[in-house]
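Comments concern the structure below.
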Amino acid sequence: MKYTNQVVWITGASSGIGEALAIEFSKEKAKIVLSARRAEVLKTVAEKCEKLGAECLVLPMDVTNYDALEENVNKVLQKFSKIDVLINNAGISQRGLTAETAFEVDRRIMEINYFGNIALTKAVLPKMLAQKNGQIVTMSSLVGIFGFPQRSSYSASKHALHGFYETLMVEHYNDNLKINIICPGRIKTDISINSLTKDGTQHGKMDQGQAKGISAEKCAQIIVKAMKRNKRVTVIGMEGKLMVFFKKFIPPLFYKIASKISAT
Ligand SMILES: NC(=O)c1ccc[n+]([C@@H]2O[C@H](COP(=O)([O-])OP(=O)(O)OC[C@H]3O[C@@H](n4cnc5c(N)ncnc54)[C@H](OP(=O)(O)O)[C@@H]3O)[C@@H](O)[C@H]2O)c1
């Protein structure tokens with residue numbers, strides 16, 4: 001299966017995993033909608049994609065600007081007439097102990113990672129159901145499966161996505177609607193730099209753990225492969241797979257290891 005001529009809408013396409021996904025879909029000559037807040041950076045990504053043979057629509061947006069979502073959906077439909085794939089990838093991480101983190105930070109993370117994600121899905125879903133075809137991919141994380149130091153709200157926002165999208169899988173079991181949840185371990189992107197600290201300021205550092213992560217390109221290739229196989233849940237990275245195994249089958253060992261993981 002190829003995504004040639006399919007309309008693929010990617011949020012968080014200005015950097016990291018989102019940009020790498022745009023490049024992967026360009027190689028398959030897809031029609032790509034690139035969304036994130038930074039319009040100028042998106043234009044640079046679009047130029048790279050077009051060189052590879054993709055047709056692009058740069059559609060800058062903040063996923064928490066819920067009032068603009070319907071208009072954004074209409075802009076995509078005006079340009080490409082359909083939406084085959086939605087990849088809800090935009091997200092922000094966290095570096096701060098639970099006891100010290102301001103409630104406003106918890107709220108901001110939830111707004112972007114959970115409400116921003118599901119709001120776009122709810123705007124696109126009726127169109128996919130009407131066209132009797134669609135694929136919705138959500139970017140969760142390993143911490144959407146288990147807790148992790150200094151990530152309480154980030155982890156909670158990703159756990160929440162599992163509840164939402166598993167429900168969608170069940171509700172549309174008999175429809176031609178593919179739902180895929182992706183759970184990467186550490187991927188080498190700007191995520192740690194952009195993370196929010198306990199007071200809501202930017203962490204601003206490339207963490208050691210992040211720097212040693214899998215490349216965004218490799219991660220994107222694994223995601224596209226999983227999408228083609230319509231895998232419900234995909235865990236990316238060997239360490240993560242081991243931790244998921246421990247949590248399921250040897251919980252005491254999981255909690256011991258998880259408590260010692262370096263947050264940075
Ligand atoms: N890197 C990892 O280790 C890792 C592991 C597991 C899961 N993930 C998940 O993968 C996704 C992508 O992260 P990444 O690693 O590629 O990090 P990244 O390089 O920091 O990318 C985050 C993307 O989200 C966009 N974004 C942030 N807030 C937004 C908002 N309010 N509205 C619209 N777009 C917004 C950013 O663009 P603008 O700043 O231009 O808006 C950027 O394109 C996230 O959901 C993250 O939680 C990452």
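Order of listing sets the numbers, starting from 1, for every ligand and every atom in it. Reckoned from all heavy atoms, side chains included, excluding hydrogens, waters and symmetry mates.
Contact check on E239 versus K212 returns no salt bridge, with no Lys/Arg side-chain nitrogen under 4.0 Å from an Asp/Glu carboxylate oxygen. Between K43 and E40 there is a salt bridge, since at least one side-chain N of the basic residue sits less than 4.0 Å from a carboxylate O of the acidic one. Electrostatic pairing of K127 and E70 counts as a salt bridge here, judged by a charged N lying under 4.0 Å from a carboxylate O. Classification of R108 and E104 as a salt-bridged pair fails, no side-chain N sitting under 4.0 Å from a carboxylate O.
Near N89, meaning under 4.0 Å from any of its heavy atoms, are these atoms of ligand 1: 10 (O), 11 (C), 12 (C), 44 (C), 45 (O). The distance from ligand 1 to the heavy atoms of I17 drops below 4.0 Å at these ligand atoms: 10 (O), 15 (O), 16 (O), 48 (C). The R186 neighbourhood of ligand 1 comprises atoms 3 (O), with distances under 4.0 Å to a heavy atom of that residue. Near G91, with a cut-off below 4.0 Å to any heavy atom, the atoms of ligand 1 are 22 (C), 24 (O), 27 (C), 44 (C), 45 (O). Of all atoms in ligand 1, numbered sequentially from 1 with element shown, those under 4.0 Å from a heavy atom of G16 are 16 (O), 19 (O).
Annotation: T64 places no N or O atom under 3.5 Å from an N or O atom of ligand 1; distance criterion only. For the pair S14 and ligand 1, the shortest N or O to N or O distance falls below 3.5 Å. Residue I112 has no N or O atom closer than 3.5 Å to an N or O atom of ligand 1. For a threshold of 3.5 Å applied to N or O pairs, the pair formed by V63 and ligand 1 contains at least one separation below that value. Considering backbone and side-chain atoms together, I92 places no N or O closer than 3.5 Å to any N or O of ligand 1.
Within the structure, the closest approach of N194 to ligand 1 falls below 4.0 Å when heavy atoms are considered. Ligand 1 has no atom lying under 4.0 Å from any heavy atom of G144. No heavy atom of E19 sits closer than 4.0 Å to any atom of ligand 1. Under the 4.0 angstrom criterion for non-hydrogen atoms, G185 is in contact with ligand 1. Residue contact check for ligand 1: D62 places a non-hydrogen atom closer than 4.0 Å to it. Heavy atoms of T11 stay at 4.0 angstrom or farther from ligand 1. A heavy-atom separation below 4.0 Å is not found between K188 and ligand 1.
Contact between L34 and A13 at its shortest, heavy atoms only, is CD2-CB, 3.7 Å.
At a cut-off of 3.5 Å, with distance as the only test, no side-chain donor of Y154 or S195 sits close to an acceptor on the other residue. A donor and an acceptor atom, one from each side chain of N180 and Q135, are located under 3.5 Å apart. Side-chain contact annotation: R95 with T197, donor-acceptor N/O pair under 3.5 Å absent. T138 and N117 share a side-chain donor-acceptor pair at under 3.5 Å.
In the candidate list S140, G240, G209, A36, S140 is nearest to atom 7 (C) of ligand 1, counting heavy atoms. Among E40, R108, R37, the residue whose heavy atom sits closest to atom 39 (O) of ligand 1 is R37.
Counting protein heavy atoms only, atom 18 (P) of ligand 1 is closest to S15 OG, 3.5 Å. Among protein heavy atoms, atom 13 (O) of ligand 1 sits closest to I191 CD1, 3.7 Å. At the top of the distance list for atom 25 (C) of ligand 1, counting protein heavy atoms only, stands G12 CA, 3.6 Å. The nearest heavy-atom contact from the protein to atom 10 (O) of ligand 1 is M139 CG, 3.2 Å. Here the protein heavy atom with the shortest distance to atom 47 (O) of ligand 1 is Y154 OH, 2.6 Å. At the top of the distance list for atom 6 (C) of ligand 1, counting protein heavy atoms only, stands P184 O, 3.3 Å. At the shortest separation from atom 35 (C) of ligand 1 among protein heavy atoms lies A90 CB, 3.7 Å.
The side chain of T189, and not its backbone, has at least one atom closer than 4.0 Å to an atom of ligand 1 (non-hydrogen atoms only; side chain from C-beta on). At a heavy-atom distance under 4.0 Å, no atom of A216 approaches ligand 1. Only backbone heavy atoms of M61 (N, CA, C or O) come within less than 4.0 Å of ligand 1; its side chain stays farther off.
Using modelled atom types, no side-chain atom of T234 and backbone atom of A226 make a donor-acceptor pair closer than 3.5 Å. The backbone N or O of I145 lies less than 3.5 Å from a partner atom in the side chain of K247, making a donor-acceptor pair. Judged by distance alone, with hydrogens and angles left aside, the side-chain atoms of D207 form no donor-acceptor pair with the main-chain N or O of G209 at under 3.5 Å.
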Starting from the C-alpha separation in whole Å, work towards a yes-or-no answer on salt bridge (Lys or Arg N to Asp or Glu O under 4.0 Å) for K48 and E19.
-> CA-CA 10 Å; K48 290 185 203 167; E19 177 180 3; 2.6 Å; yes
side-chain contact (heavy atoms from CB on, under 4.5 Å) evaluation trace for K122 with F164 = CA-CA 11 Å; K122 284 163 75 81; F164 182 91; 4.3 Å; yes
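Residues M227 and I87 are in side-chain contact: their nearest non-hydrogen atoms beyond the backbone lie under 4.5 Å apart. You'll find the side chain of F254 stays beyond 4.5 Å of the side chain of L242, heavy atoms only.
In this structure, CD on E111 lies 12.0 Å from CG on D106, to the nearest 0.5 angstrom.
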